[in-house]
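These notes concern the structure reproduced below.
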Amino acid sequence: MNNQSKKVTIITVCLNEINNIRNTCNSVISQLYQNYEWIIIDGGSKDGTIEYLSNFKDRITHLVSEEDNGIYHAMNKGIQLSSGDYIIFLNAGDFFYSSSSLNFFNSDRREDLIFGDLKLYSDGKIKKYEDIINLKKLKKRNSIPHQATFYNRKLFDKLGSYDESYLISGDYEFNIRIFKYLEPTYQHIPEPISVFLNDGISSRKEFKKVIKRENHIIRKKYFPSYLFSFKRLREELRFR
């Protein structure tokens, strides 16, 4: 493997995803960069997902299938099993943009965060992200796509795992923690890394209120200026 010095952990979380898991699996096994491990955390699927995954048993490093307490509990279980230098969460239905999506690890990487852009599965549009991230920008919105972000394992060693009390916004909270308590190095790769299925729980209309409420709680926790803002008061009235 010559220059392939960094090991990448790919964590896939799924539950009854027989209709979506195929694209994810095919994209992982097609990667030209081979220094990776693949961890699948299944929530106890009953629809044939596990049987389908058995086709890839020689490529899957760890497969756990059992009930869990939500997506962040499952993601944390994946982190605990991981041994890679970098971790990416490519959940069922999402898939790598091309077979070259991991190729930039052919050169030595040392950044805390490496993130790229996303292609949206629904309309084929490319969602581009900014080159510069900071706490001020994160206060407004989550500007780091976990489906296209490689987290240096050291971040989890320093900051702990995802907060499992959140249903949808645990990755947003963790990203804020990174920039609140550390001075992370990072690089934006200005090209699509992954294709985002964008029909999951975070994209459904009925969960938009949950996202707003959780984001409100997170901003209250980490941004003192938010406590005295008109937006905070407006959100408090909305959630009564």
Side-chain angles (χ1 to χ4, degrees), residues 6-14 17 20-21 23-33 35-41 71-72 74-75 78-79 82 84-107 109-134 137-138 140-156 162 168-179 184-203 211:
K6 297 298 183 184
K7 183 178 181 181
V8 178
T9 297
I10 303 165
I11 296 176
T12 298
V13 170
C14 60
E17 292 285 357
N20 297 319
I21 196 72
N23 285 338
T24 308
C25 293
N26 290 334
S27 78
V28 172
I29 66 170
S30 71
Q31 289 305 300
L32 298 175
Y33 185 87
N35 192 13
Y36 69 81
E37 64 178 0
W38 186 17
I39 298 172
I40 299 181
I41 307 296
I71 188 169
Y72 296 111
M75 289 165 68
I79 294 169
S82 68
D85 300 292
Y86 284 88
I87 298 174
I88 185 170
F89 298 92
L90 194 73
N91 293 333
D94 302 331
F95 52 96
F96 287 120
Y97 181 73
S98 75
S99 59
S100 302
S101 290
L102 303 181
N103 277 11
F104 51 84
F105 283 103
N106 278 316
S107 59
R109 310 302 306 217
R110 299 181 183 274
E111 298 90 346
D112 294 312
L113 291 165
I114 303 168
F115 65 101
D117 299 329
L118 281 177
K119 180 178 179 179
L120 303 181
Y121 185 83
S122 58
D123 56 17
K125 292 181 179 179
I126 303 297
K127 186 173 183 180
K128 296 182 179 296
Y129 289 82
E130 298 180 64
D131 291 334
I132 304 300
I133 317 170
N134 55 44
K137 290 182 178 180
L138 284 171
K140 295 180 180 179
R141 66 182 183 279
N142 189 8
S143 53
I144 308 173
H146 81 256
Q147 306 89 346
T149 299
F150 299 89
Y151 293 86
N152 193 309
R153 174 56 192 257
K154 293 178 182 178
L155 293 172
F156 296 102
Y162 289 101
I168 301 173
S169 299
D171 52 318
Y172 179 41
E173 189 273 342
F174 184 75
N175 291 339
I176 288 176
R177 244 189 289 164
I178 294 172
F179 283 84
T185 58
Y186 60 87
Q187 181 181 3
H188 172 228
I189 307 294
E191 60 186 59
I193 298 296
S194 303
V195 179
F196 176 36
L197 184 61
N198 69 306
D199 75 343
I201 187 172
S202 64
S203 302
I211 296 173

Do Tyr129 and Pro145 have side-chain heavy atoms sitting under 4.5 Å apart?
-> yes
Is the number of heavy atoms from other residues, nucleotides or ligands under 6.0 Å of Lys137 NZ greater than 12?
-> yes
Ile11 side chain reached by Ile79 side chain, heavy atoms, under 4.5 Å | yes
Should the heavy atoms of other residues, nucleotides or ligands under 6.0 Å from CZ of Phe104 be counted, would the total exceed 12?
-> yes
Which heavy atom of Pro184 sits nearest a heavy atom of Asp112, and at what distance?
-> CA-OD2, 3.2 Å
Side-chain donor/acceptor of Gln31 to backbone N/O of Ser27, under 3.5 Å | yes
Is there side-chain contact between Ser143 and Asn175, with at least one heavy-atom pair below 4.5 Å?
-> no
Aromatic ring proximity, centroids under 6.0 angstrom, Tyr162 and Tyr72 | yes
Side chain proximity check, Asn91 to His146, heavy atoms < 4.5 angstrom = yes
Atom CD of Glu191 and atom OG of Ser100: how far apart are they, to the nearest 0.5 Å?
-> 9.0 Å
Return yes if some donor-acceptor pair links the side-chain N/O of Thr24 with the main-chain N/O of Asp94 below 3.5 Å, else return no.
-> yes
In short, Met75 meets Val13 closest at the heavy-atom pair CG-CG2, 3.7 Å
Close side-chain approach of Asn152 to Leu113, heavy-atom, < 4.5 Å | no
Between Asn134 and Phe179 the two heavy atoms that sit nearest each other are CA-CD2, 4.3 Å
Test side chain to side chain contact (heavy atoms under 4.5 Å, CB included) on Leu32 and Ser99 and set out the steps.
-> CA-CA 6 Å; Leu32 298 175; Ser99 59; 4.0 Å; yes
Any chance you could measure Asn103, atom CG, to Ser98, atom OG, to the nearest 0.5 Å?
-> 7.5 Å
Any donor and acceptor pair, going by atom type alone, linking the side chain of Arg153 with main-chain N or O of Thr9 inside 3.5 Å?
-> no
Is there side-chain contact between Thr12 and Trp38, with at least one heavy-atom pair below 4.5 Å?
-> yes
Please check if the side chain of Asp85 supplies one atom and the backbone of Lys6 the other of a donor-acceptor pair under 3.5 Å.
-> no
Value for CD1 (Ile88) from CZ (Phe115), rounded to nearest 0.5 Å, stands at 12.5 Å
Take atom OH of Tyr97 as the centre, draw a 6.0 Å sphere, and report whether it contains more than 12 heavy atoms from other residues, nucleotides or ligands.
-> no
To the nearest 0.5 Å, tell me how far Glu37 CD sits from Lys7 NZ.
-> 4.0 Å
What one should report as the nearest heavy-atom pair of Ile40 and Cys14 is CG2-SG, 3.9 Å
Main-chain N/O of Ile114 paired with Tyr86 side-chain donor or acceptor, under 3.5 Å = no
Flag side-chain contact, heavy atom, 4.5 Å: Ile193 against Asp117 = no
Nearest 0.5 Å please: distance from the CZ atom of Arg110 over to the NZ atom of Lys154.
-> 8.0 Å
Is the ring centre of Phe105 less than 6.0 Å from the ring centre of Phe150?
-> yes
May I ask you to decide if Arg109's main-chain N or O and Gln187's side chain share a donor-acceptor pair within less than 3.5 Å?
-> no
Is the closest side-chain heavy-atom distance between Ile133 and Ile144 below 4.5 Å?
-> yes
Does the side chain to side chain contact (heavy atoms under 4.5 Å, CB included) test come out yes or no for Ile10 and Ile39, once each step is laid out?
-> CA-CA 6 Å; Ile10 303 165; Ile39 298 172; over 6 Å; no
Test salt bridge (Lys or Arg N to Asp or Glu O under 4.0 Å) on Arg141 and Glu130 and set out the steps.
-> CA-CA 12 Å; Arg141 66 182 183 279; Glu130 298 180 64; 3.1 Å; yes
How long is the gap from OG on Ser169 to CD1 on Ile211, to the nearest 0.5 Å?
-> 6.0 Å
Flag, side chain of Ser194 to backbone of Phe196, donor-acceptor distance under 3.5 Å = no
Apply the side-chain contact (heavy atoms from CB on, under 4.5 Å) test between Phe96 and each candidate in Asn26, Val28, Asn23, Val195; give the one that qualifies.
-> Val28
